[in-house]
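Throughout, numbering of the chain's residues begins at 1 and tracks the sequence. Model, not experiment: these values are computed from the prediction. Just the heavy atoms: all of them, side chains too, but no hydrogens, waters or symmetry mates, feed the values below.
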Amino acid sequence: MATAAKVGSNFTGVQMSPKDTKRLLEAVNEIHPDVPGDERGMLVERTERAAEADRIGSVPVPGSAKGMLKTGFDMMRGKSPEVFLDKLGERLAYERNGVRLYEAMIAKVKALDTPDTALVDTLMHIRNEEHEHMMLVHQAIETLGADPTAQTPCADVVGAMSLGIVNVLTDPRTNVDQCLNALLTVELTDNAAWELLIELAQAAGHPNIADSFTKAKTQEDDHLVKIKTLMRRDLIMQTK
């Protein structure tokens with residue numbers, strides 16, 4: 001596995017073949033699509049498909065009497081408990097995936113010829129806190145009488161969003177710097193999501209849950225700083 005970017009035989013840029021580039025640009029002007037229409041047709045098609053499509057899943061009805069009572073009470077007060085439960089499901093899925101991503105990153109660093117022990121320790125620390133956050137959300141969902149094993153619509157969406165990050169971290173060809181960049185995307189999203197989740201908990205009338213999430217948000221702030229620092233350190237060292 002490569003540990004840094006190297007100059008090599010990359011032929012993807014047009015500068016590698018000016019002659020072919022000229023021919024390609026000439027062809028763009030000379031050859032026209034054999035099917036009439038423009039991007040407006042695509043817009044119409046997408047609009048029609050969106051109108052026909054169902055939603056991505058649903059928030060399940062609470063399976064316990066406690067959950068039914070809490071949900072009914074919130075609805076009587078004009079609140080929408082399903083919105084908060086949907087975002088809790090999203091956070092649970094994201095944190096669970098975060099544990100797996102950091103485990104993949106730890107494995108990648110350990111596979112180096114000279115593993116960075118300090119980096120492994122930092123990644124392990126973050127991985128353990130991601131697991132704590134997952135269990136914290138799990139507990140919050142149970143407190144509300146809902147089922148933490150159910151996949152809510154937002155959990156489904158965030159799973160699809162995370163696939164690109166999974167592919168980067170598990171690709172044998174990616175190096176540590178590239179994977180740290182992927183983890184930076186994860187932590188930026190995670191940081192903003194916890195901030196929103198605390199606000200949603202407060203708006204939904206669950207101050208105790210909001211307070212319990214404050215520690216997680218503080219730890220996520222630290223994760224973001226750590227990943228940014230690691231990226232900056234390694235990249236600056238390579239450019240000197």
Side-chain angles (χ1 to χ4, degrees), residues 83-110 116-144 148 152 154-155 157-170 174-238:
V83 174
F84 184 42
L85 285 171
D86 192 14
K87 298 305 285 186
L88 283 172
E90 174 192 288
R91 200 82 258 111
L92 179 60
Y94 199 88
E95 297 301 321
R96 181 172 57 243
N97 192 56
V99 173
R100 294 167 178 164
L101 291 176
Y102 274 98
E103 288 176 346
M105 183 64 174
I106 291 167
K108 185 174 286 284
V109 175
K110 286 184 175 181
D116 186 336
T117 304
L119 176 57
V120 171
D121 289 343
T122 299
L123 294 171
M124 185 65 74
H125 173 77
I126 297 176
R127 180 263 177 213
N128 291 340
E129 289 188 342
E130 294 290 343
H131 184 265
E132 290 176 11
H133 300 169
M134 180 186 78
M135 298 309 298
L136 179 64
V137 178
H138 186 284
Q139 182 181 3
I141 294 173
E142 286 190 327
T143 299
L144 297 175
T152 69
C154 279
V157 171
V158 84
M161 290 170 56
S162 300
L163 284 176
I165 306 296
V166 173
N167 291 338
V168 171
L169 288 169
T170 58
T174 55
N175 61 38
V176 170
D177 293 326
Q178 291 163 342
C179 291
L180 284 173
N181 194 49
L183 288 176
L184 179 60
T185 300
V186 172
E187 293 301 343
L188 285 167
T189 301
D190 213 5
N191 194 274
W194 276 102
E195 185 177 300
L196 175 60
L197 198 61
I198 291 171
E199 293 180 11
L200 287 174
Q202 292 168 338
H206 301 290
N208 291 337
I209 292 178
D211 290 342
S212 71
F213 288 168
T214 302
K215 180 183 177 182
K217 172 62 170 61
T218 301
Q219 290 174 331
E220 290 296 346
D221 290 341
D222 182 59
H223 296 178
L224 182 56
V225 171
K226 280 184 167 65
I227 296 300
K228 288 172 68 175
T229 301
L230 288 169
M231 275 193 64
R232 187 180 298 110
R233 181 200 68 181
D234 287 356
L235 290 173
I236 290 177
M237 283 179 60
Q238 291 179 40

Minimum heavy-atom separation for [X] to [Y], with atom names?
| X | Y | result |
| --- | --- | --- |
| G89 | I141 | N-CD1, 4.3 Å |
| T152 | E90 | OG1-N, 3.9 Å |
| I209 | A201 | CG2-CB, 4.3 Å |
| Q178 | V168 | O-CG1, 4.2 Å |

*Walk me through it: do N208 and T143 pass the test side-chain contact (heavy atoms from CB on, under 4.5 Å)?*
CA-CA 10 Å; N208 291 337; T143 299; over 6 Å; no
Using a 4.5 Å cut-off on heavy atoms from C-beta on, say whether the side chain of [Y] contacts that of [X].
| X | Y | answer |
| --- | --- | --- |
| E95 | D190 | yes |
| N191 | K217 | yes |
| I106 | M124 | yes |
| L119 | V176 | yes |
| L169 | L183 | yes |
| L144 | L88 | yes |
| L184 | L224 | yes |
| N97 | V166 | yes |

*asked:* If the condition is ring-ring contact (aromatic ring centres under 6.0 Å, His included), which residues does Y94 pass it with, not counting sequence neighbours?
replied: none
In Å, rounded to the nearest 0.5 Å, how long is the span from [atom1] of [X] to [atom2] of [Y]?
| X | Y | atom1 | atom2 | value |
| --- | --- | --- | --- | --- |
| K110 | L123 | NZ | CG | 10.0 Å |
| L180 | E187 | CG | CD | 11.0 Å |
| L92 | M135 | CG | CE | 8.5 Å |
| R96 | L101 | CZ | CG | 12.0 Å |
| T218 | D222 | OG1 | CG | 9.5 Å |
| K228 | N181 | NZ | CG | 12.5 Å |

Partner set under salt bridge (Lys or Arg N to Asp or Glu O under 4.0 Å) for [X], not counting sequence neighbours:
| X | answer |
| --- | --- |
| D121 | none |
| D211 | none |
| E199 | none |
| R127 | E103 |

_N/O donor-acceptor pair under 3.5 Å between Q139 side chain and L136 backbone_ = no
*Donor-acceptor pair, T174 side chain versus C179 backbone, under 3.5 Å?*
no
*What is the ring orientation for H223 with H133, classed by angle as parallel under 30°, tilted 30 to 60°, or perpendicular over 60°?*
parallel
_Please list all pairs meeting salt bridge (Lys or Arg N to Asp or Glu O under 4.0 Å) that have one or both residues in residues 128-137, counting only residues at least two apart or in different chains._
none
*Test side-chain contact (heavy atoms from CB on, under 4.5 Å) on F84 and H206 and set out the steps.*
CA-CA 10 Å; F84 184 42; H206 301 290; 3.8 Å; yes
*asked:* Please determine whether side-chain contact (heavy atoms from CB on, under 4.5 Å) holds for the pair W194 and V137, giving the CA-CA distance in whole Å, both sets of side-chain angles, and the decisive distance to 0.1 Å.
replied: CA-CA 11 Å; W194 276 102; V137 178; 3.6 Å; yes
